[in-house]
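Take a look at the structure set out below.
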Amino acid sequence: MSGKIQAIRGMHDILPEDTPRWQHLEALTRSLLDTYGYQEIRLPIVEKTELFQRSIGELTDIVAKEMYSFEDRNGDSLTLRPEGTAGCVRAGLEHGLFHNQVRKLWYMGPMFRHERPQKGRQRQFHQIGVEAFGLPGPDIDAEMILMCARLWQRLGLANLRLEINSLGTPESRAAYRKVLVDYFSAHQDQLDKDSLTRLENNPLRILDSKNPDMRPLIDDAPEFSGYIDNESVEHFQSLCEYLDRQQLNYVINSRLVRGLDYYGRTVFEWITDDLGAQGTVCAGGRYDGLVEHFAGQPTPAIGFAMGLERLIGLMESSTNRLPDSDPHAYLIIAGDEFRAAGLALAESLREQLPWLRLVTHLGGGSLKNQFKKADKSGARLALVLGADEAASQEVSIKSLRDQAEQERIGQNSLAVHLAARLQAV
RNA sequence: GUGACUGUAGCUCAGUAGGUAGAGCCCCGGAUUGUGAUUCCGGUCGUCGUGGGUUCGAGUCCCAUCAGUCACCCCA
């Protein structure tokens, strides 16, 4: 019996105080995706380890050291999903969803990465992922980005910066990678420790180094613009034109690489400076080769994921109000002998007013105590049923939020009265 | 994985040069035996994160461990 049981490190409970904000975020996103023609897909949280190894990339941090992997009873290696795209592609292939057709899908749920927790970074976190399959052109790239912008607007989030870049085709990127490796290898003595390991794993990431001492070396490095293929350039230019036409602000960040191996061509990130070091709130890009990589037909694809904890963090400082979730009314029962009548009255009201948020006081107690609970619940009105009311088939109604006079209403006209009174406010 | 700081009632925190814990909020009761939110009075609440060690004695010092926070790294 020593020690209390605690949640796993980096895995947090989302408490009743916070769930209204989550529900609001989820509901707004759902309805927006619906209006853009996306369909929900629900996916397992556990997949074969191999799925992630083969899609995300063996050398990425996610696969190399952050996966929650374990052995199934039959010896298979399974993994708690660290991201959603791989599972979505797997499911789509398994059920033939991509066969000669366009698919626009979304999913929502927890992801798991064994990282050191810090602000905006947990071991279990939540994403909404959005994927579009079968569309090769830059129009879908633009629409996805514009859809994000619309979501931020509806959520009341400002101060989000859009950064975009093109990674080109795998071939052009490989050519550039080789040039970069040659360049940095020739100056190995000037590389810091992190950059030396990146030279092995992901040389493009060296360009992203935050170490000011590396600045001169990086500034002199060869630019990708000399190696990117023409088609990718055209694709990117069209995307920029579409965004310009909608007057959406963005910055082209030629250093923007994405962490996962499957990205190519368009990549984008929505970034905030209000959340500390983990400022990326939403990010994605094209992954035209991934479906084919899993033995499917060549299928162009693009997708992005939003980090819900990070968005919630921004919503907390937003002035946008959440939908009201306090009870409309609180039923006070004065006298234990009226409990049955109270329950009956409440059920009758629910029958007549399905939208009514009504809390019935359970467990008895003094009238004073029940009024305290009514006030604390946030309810607008207190309904009182006691000996006097029962005798005349009435209910007393007292406003808890203003000075309106308390009144007595016949029980059979109560629903009509409440409907008028609550909807007038 | 590396580093810094932190861990005392449900919550926010105090705790002086080491001498076996305190405040506010919350909750409950009363001042009005059918009326809340204000006011006044009273009350409950802790193995001081956990495990060792030093000491006559540790919330206070040391070590370990767990967790939180922030940064590096990485990423949503």
Side-chain angles (χ1 to χ4, degrees), chain A residues 1-12 15 17 56 59-66 82-85 108-130 148 192-195 197-198 201-202 205 208-211 256-260 268-272 275-285 303-314 330 332-335 338 361 365-390 396-403 406 408:
Chain A
M1 280 294 285
S2 70
K4 304 167 201 164
I5 296 180
Q6 291 178 297
I8 305 301
R9 174 131 128 124
M11 306 202 181
H12 296 306
L15 301 175
E17 185 187 339
I56 299 171
L59 292 176
T60 61
D61 278 21
I62 292 177
V63 170
K65 47 195 184 196
E66 294 176 359
E83 59 99 45
T85 301
M108 168 164 63
M111 306 292 165
F112 302 84
R113 293 181 198 170
H114 192 106
E115 300 180 275
R116 189 80 174 251
Q118 74 178 77
K119 188 183 181 75
R121 192 170 77 182
Q122 285 125 284
R123 290 182 173 183
Q124 174 175 336
F125 60 103
H126 298 79
Q127 289 186 335
I128 290 176
V130 180
C148 290
D192 62 15
K193 195 158 157 282
D194 287 331
S195 296
T197 55
R198 281 186 268 211
N201 300 340
N202 193 345
R205 275 229 161 267
D208 249 349
S209 176
K210 289 181 191 169
N211 184 348
L256 187 66
V257 177
R258 309 259 34 261
L260 286 51
F268 61 93
E269 285 193 22
W270 290 91
I271 302 168
T272 176
L275 288 178
Q278 309 298 326
T280 301
V281 128
C282 172
F304 68 89
M306 302 182 275
L308 300 191
E309 280 80 0
R310 293 181 186 177
L311 285 171
I312 292 287
L314 288 180
Y330 192 102
I332 288 169
I333 300 172
F338 302 112
H361 184 91
S366 70
L367 200 60
K368 178 194 181 84
N369 184 270
Q370 294 194 44
F371 264 99
K372 275 191 178 176
K373 295 275 166 54
D375 180 51
K376 214 170 168 256
S377 76
R380 210 137 64 208
L381 300 174
L383 312 180
V384 183
L385 177 66
D388 297 351
E389 291 84 356
S396 295
I397 302 183
K398 178 176 185 176
S399 172
L400 297 172
R401 304 298 151 213
D402 58 40
Q403 299 308 310
Q406 179 167 327
R408 292 266 286 262

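Being a predicted model, the structure only gives us computed values, none of them experimental. When reading the values below, keep in mind they use all heavy atoms of this one structure, side chains included, and skip hydrogens, waters and symmetry mates.
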- Has the side chain of A:Gln406 got a donor or acceptor atom sitting under 3.5 Å from an opposite partner on the base of B:rU35? yes
- Message: Assess the residue pair A:Glu66 and A:Asp61 against the criterion (side-chain contact (heavy atoms from CB on, under 4.5 Å)); give the C-alpha distance rounded to whole Å, side-chain angles, the decisive distance to 0.1 Å, and a yes or no.
- Response: CA-CA 6 Å; A:Glu66 294 176 359; A:Asp61 278 21; 3.8 Å; yes
- Polar pair under 3.5 Å, donor/acceptor by atom type, side chain A:Arg121, base B:rC74: yes
- Among B:rA67, B:rA76, B:rG29, find the nucleotide with the atom closest to the side chain of A:Arg9. B:rA67
- Task: Would you classify A:Ala283 as touching base, sugar-phosphate or nothing, given that sugar-phosphate means primed atoms plus P, OP1 and OP2, and contacts are heavy atoms under 4.0 Å?
- Result: sugar-phosphate
- Can you tell which of B:rG36, B:rC28, B:rC70 lies closest to the side chain of A:Lys372? B:rG36
- Item | Proximal nucleotide (of B:rA4, B:rG34, B:rA76) relative to the A:Glu389 side chain | B:rG34
- Note on the structure: Taking B:rA37, B:rC72, B:rC75 as options, the one with an atom nearest any side-chain atom of A:Ala277 is B:rC72
- Does a distance-only test, which skips hydrogens and angles, find a donor-acceptor pair under 3.5 Å between the side chain of A:Arg310 and the base of B:rC75? yes
- Side chain of A:His12 - closest among B:rC74, B:rC66, B:rG68: B:rG68
- Item | Nearest to side-chain heavy atoms of A:Val384, which nucleotide of B:rG34, B:rC26, B:rU35 | B:rG34
- Message: Can you measure A:Leu256 atom CG to B:rA76 atom C1' for me and round it to whole angstrom units?
- Response: 14 Å
- Base-pairing assignment for B:rG3 (Watson-Crick or G-U wobble, both under 3.5 Å): B:rC70
- Picking from B:rG1, B:rG34, B:rC75, which would you name as closest to the side chain of A:Arg116? B:rG1
- Start with the C-alpha distance between A:Val384 and A:Lys398, add both sets of side-chain angles, then the distance that settles side-chain contact (heavy atoms from CB on, under 4.5 Å), and finish with yes or no. CA-CA 8 Å; A:Val384 183; A:Lys398 178 176 185 176; 5.8 Å; no
- Query: Who are the salt bridge (charged side-chain N to carboxylate O under 4.0 Å, His left out) partners of A:Asp375, not counting sequence neighbours?
  - Reply: A:Arg401
- Query: Which value, in whole Å, describes the distance between the P atoms of nucleotides B:rG68 and B:rU54?
  - Reply: 31 Å
- In whole angstrom, what separates A:Met306's CE from B:rC75's P? 20 Å
- Message: Tell me the closest heavy-atom pair linking A:Ala277 and A:Gln118, and the distance in Å.
- Response: CB-NE2, 3.8 Å
- Identify whether any heavy atom of A:Asp388 sits under 4.0 Å from a base atom; if not, whether one sits that close to sugar-phosphate; answer base, sugar-phosphate or nothing. base
- Task: Using a heavy-atom cut-off of under 4.0 Å over every strand shown, decide if A:Gly120 touches base, sugar-phosphate, or nothing.
- Result: base
- Message: Counting the atoms with a prime plus P, OP1 and OP2 as sugar-phosphate, which does A:Gly10 contact under 4.0 Å by heavy atoms, base, sugar-phosphate, or nothing?
- Response: sugar-phosphate
- For B:rG10, the Watson-Crick or wobble counterpart (both distances under 3.5 Å): B:rC25
- Tell me what A:Lys65 touches on the nucleic acid: a base, only sugar-phosphate, or nothing, going by heavy atoms under 4.0 Å. nothing
- Task: Please name all residues satisfying side-chain contact (heavy atoms from CB on, under 4.5 Å) with A:His114, sequence neighbours left out, ordered by chain then number.
- Result: A:Tyr68, A:Arg123
- Message: Roughly how many Å apart are B:rA4 and B:rA76, using the P atom of each and rounding to a whole number?
- Response: 29 Å
- Measure distances between side-chain N and O atoms of A:Lys398 and base N and O atoms of B:rG36, and say whether any donor-acceptor pair falls under 3.5 Å. yes
- Side chain of A:Gln118 (C-beta onward), nearest among B:rC70, B:rG34, B:rC75: B:rC70
